[in-house]
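Note that the structure is a prediction, hence the values are computed from the model and not measured.
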Amino acid sequence: LWARLFSAIVDKRKLPELEFVLSLKAAFYRKAGLFEEAEAVVRQMQKENFDWQSSLMLALIRKEQGDLAAAEAEFTKT
């Protein structure tokens, strides 16, 4: 619920897709168990600027999905 609400607010108010806004959006999706949506936001972030934060976010997504090997692989990219 919070993930979709936050996303709707960001979209409705046409907030700039700054890194911190995208980070919050991905985190809300991940916490809500909406892993595909979270990954899509992180991949969008990576197109703009690949950094340790996006890699860490992908590692957390993989961990919560139960794929520890993929989580470790993402984490070692940081």
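The shortest heavy-atom contact between L58 and E39 is CD2-CG, 3.8 Å. Taking every heavy atom of both residues into account, F75 and A59 meet most closely at N-CB, 3.9 Å. The two residues A38 and A26 make their nearest non-hydrogen contact at CB-O, 3.6 Å. When all heavy atoms of Q46 and S54 are compared, the closest pair comes out as CG-OG, 3.4 Å. Residues S23 and M45 share a closest heavy-atom pair of OG-CE, 3.5 Å.
Under the 4.5 Å side-chain criterion, counting only non-hydrogen atoms from C-beta, E74 is not in contact with L60.
Considering CD of E37 and CD1 of I61, their distance stands at 10.5 Å, rounded to 0.5 Å.
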Extract all donor-acceptor atom pairs below 3.5 Å that involve side chains of residues 64-72 and protein atoms in other chains or at least two apart in sequence.
unit_1	atom_1	unit_2	atom_2	d
E64	OE2	R30	NH1	2.4
Q65	OE1	R62	NH1	3.1
D67	OD1	A70	N	3.2

